[in-house]
Enquirer: 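Sharing a structure with you now.
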Amino acid sequence: MSGRIEGKVALVTGAASGLGDAIVRRFVAEGANVVAADIDEEAGRALAEDLGNAASFLSLDVTKEDRWVNAFAAMEVVHGRCDVLVNCAGITTIGNVESCSLEAFKHELDVDLAGVFLGCKHVVPLMKKHGGSVINIASMASMKAADYLVAYNAAKAGVTHMTKSIALHYAHSGYQMRCNSVHPGVIRTPILDKVLEQSDDPDKLYAQWVASHPIGRIGRPDEVAALCLYLASDESSFATGAEFVLDGGSSL
């Protein structure tokens with residue numbers, strides 16, 4: 001199959017690396033025009049340039065409400081619509097309830113939870129005109145806790161339940177907008193390396209991650225991008241408020 005989202009316009013946050021990069025590339029390959037948004041301007045611009053006319057870069061700090069408002073205003077001017085929003089920007093903070101500072105905890109929530117809220121909120125005026133799909137990247141960690149991920153667990157669990165509330169609002173308002181959450185297991189991305197850098201024994205932690213996946217390995221970004229493609233396409237038109245788990249069995 002090809003051209004599964006031909007002609008659609010998508011905004012992907014956290015686009016400069018990892019999952020976001022893979023999602024942008026898959027969307028472009030399947031016919032979409034993609035706005036790649038990230039706080040990392042150098043990497044984001046390089047991605048857009050690599051993909052040519054089908055992609056453009058937008059500097060976006062997802063924790064700033066005015067930046068979101070400006071982002072969708074710019075999309076309306078340039079494209080006239082937004083058919084797909086992927087809230088992929090995120091961080092992962094290592095720390096348990098004793099070691100994690102309040103500042104670090106709040107920052108995690110600002111990026112991983114409030115950032116998703118702002119995207120889901122401010123896309124409405126533009127997306128409700130034509131309908132569309134909002135995809136929130138949550139995590140297996142929203143369902144299975146780890147003592148060293150107190151802030152991340154809290155943020156991603158919030159995304160999971162908030163997604164359901166948002167899906168209900170979209171549906172009850174008659175907007176023809178859908179909202180679903182994607183729950184990857186451990187995926188090999190640059191953010192994974194940053195987590196390992198925070199560990200006292202990165203080799204042991206990595207081995208634990210692999211062992212926690214019954215399928216026998218950690219995941220790849222392209223596997224998450226494939227699921228996001230399904231949710232962005234009209235093939236998933238009856239899916240909303242759902243949890244799409246892609247974790248190699250680690251949450252079982």
Side-chain angles (χ1 to χ4, degrees), residues 5-91 107 110-138 155 159 163 166 177-182 189-191 194 221-222 224-225 228-229 231-233:
I5 49 176
E6 188 76 36
K8 292 187 183 293
V9 178
L11 172 65
V12 179
T13 70
S17 67
L19 295 184
D21 177 284
I23 293 166
V24 169
R25 292 181 185 278
R26 186 64 191 272
F27 280 12
V28 167
E30 294 289 344
N33 196 312
V34 183
V35 177
D38 205 287
I39 199 169
D40 185 341
E41 296 193 11
E42 183 178 356
R45 292 186 191 283
L47 170 64
E49 290 174 5
D50 187 42
L51 294 173
N53 294 333
S56 59
F57 172 71
L58 176 70
S59 179
L60 178 63
D61 180 343
V62 298
T63 69
K64 307 296 185 184
E65 187 166 21
D66 62 327
R67 303 291 179 84
W68 275 108
V69 173
N70 293 340
F72 290 120
M75 287 189 72
E76 185 166 26
V77 170
V78 176
H79 301 287
R81 61 193 299 135
C82 179
D83 303 295
V84 182
L85 168 64
V86 183
N87 285 304
C88 187
I91 59 173
H107 183 56
D110 280 345
V111 177
D112 287 9
L113 182 56
V116 174
F117 165 78
L118 290 171
C120 293
K121 177 182 180 68
H122 290 293
V123 73
V124 171
L126 187 56
M127 188 178 283
K128 72 179 182 180
K129 296 177 181 180
H130 307 283
S133 174
V134 176
I135 304 165
N136 294 333
I137 305 300
V159 169
T163 295
I166 291 166
M177 293 171 61
R178 301 179 291 111
C179 187
N180 294 286
S181 56
V182 172
T189 65
I191 199 171
K194 292 180 181 179
D222 65 285
V224 180
C228 290
L229 173 63
L231 291 173
S233 75

Enquirer: Flag yes if more than 12 heavy atoms outside His79 fall under 6.0 Å of its NE2 atom; otherwise flag no.
Expert: yes
Enquirer: In Å, rounded to the nearest 0.5 Å, how long is the span from CD1 of Ile23 to OG1 of Thr13?
Expert: 8.5 Å
Enquirer: Could you check whether any side-chain N or O of Ser181 sits under 3.5 Å from a backbone N or O of Ala138, counting only pairs where one atom can act as donor and the other as acceptor?
Expert: no
Enquirer: Just how far is it from atom CZ of Arg178 to atom CD1 of Ile166, taken to the nearest 0.5 Å?
Expert: 14.5 Å
Enquirer: Would a distance-only check, ignoring hydrogens and angles, find a side-chain to backbone donor-acceptor pair under 3.5 Å from Arg67 to Ser59?
Expert: no
Enquirer: I would like to know whether Arg45 and Glu41 meet salt bridge (charged side-chain N to carboxylate O under 4.0 Å, His left out); could you show each step before the answer?
Expert: CA-CA 6 Å; Arg45 292 186 191 283; Glu41 296 193 11; 3.7 Å; yes
Enquirer: Given Leu47 and Asp21, is the side-chain contact (heavy atoms from CB on, under 4.5 Å) satisfied, shown in steps?
Expert: CA-CA 8 Å; Leu47 170 64; Asp21 177 284; 3.5 Å; yes
Enquirer: Determine whether more than 12 heavy atoms belonging to other residues, nucleotides or ligands lie under 6.0 Å from atom CG of Asn53.
Expert: no
Enquirer: Mind checking the NZ-CG spacing from Lys8 to Asn33? Nearest 0.5 Å is all I need.
Expert: 13.0 Å
Enquirer: Does anything in residues 28-62 form a ring-ring contact (aromatic ring centres under 6.0 Å, His included)? List the pairs, not counting sequence neighbours.
Expert: none
Enquirer: To the nearest 0.5 Å, what is the distance between CG on Leu11 and SG on Cys82?
Expert: 5.5 Å
Enquirer: Return yes if some donor-acceptor pair links the side-chain N/O of Asn70 with the main-chain N/O of Asp66 below 3.5 Å, else return no.
Expert: yes
Enquirer: Between Asp112 and Ile91, does the side-chain contact (heavy atoms from CB on, under 4.5 Å) criterion hold? Intermediate values first, please.
Expert: CA-CA 7 Å; Asp112 287 9; Ile91 59 173; 3.9 Å; yes
Enquirer: State whether Asp50 and Arg25 are salt-bridged, where the test is any N-O pair (Lys NZ or Arg NE/NH1/NH2 against Asp/Glu carboxylate O) under 4.0 Å.
Expert: yes
Enquirer: Applying side-chain contact (heavy atoms from CB on, under 4.5 Å) to Met127 and Val134, what does each step give before you reach the verdict?
Expert: CA-CA 9 Å; Met127 188 178 283; Val134 176; 4.0 Å; yes
Enquirer: Only one of Leu85, Val84, Leu229 passes side chain to side chain contact (heavy atoms under 4.5 Å, CB included) with Ile135; say which it is.
Expert: Val84
Enquirer: Walk me through whether Glu76 and Lys129 qualify under salt bridge (charged side-chain N to carboxylate O under 4.0 Å, His left out).
Expert: CA-CA 11 Å; Glu76 185 166 26; Lys129 296 177 181 180; 2.5 Å; yes
Enquirer: Would Glu65 and Trp68 satisfy side-chain contact (heavy atoms from CB on, under 4.5 Å), going step by step from the backbone distance to the final call?
Expert: CA-CA 5 Å; Glu65 187 166 21; Trp68 275 108; 5.5 Å; no
Enquirer: Find the distance between NZ (Lys64) and CG (Asp61) and round it off to the nearest 0.5 Å.
Expert: 5.5 Å
Enquirer: Less than 4.5 Å apart, side chain to side chain, heavy atoms only: is that true for Val35 and Val12?
Expert: no
Enquirer: Has Asp38 got a side-chain atom pairing as donor or acceptor with Ala15's backbone, closer than 3.5 angstrom?
Expert: yes
Enquirer: Sub-3.5 Å donor-acceptor pair from the side chain of Thr63 to the main-chain atoms of Gly115, do we have one?
Expert: no
Enquirer: Go through the side-chain N and O atoms of Asn136 and Thr163 and say whether any donor and acceptor fall under 3.5 Å apart.
Expert: yes
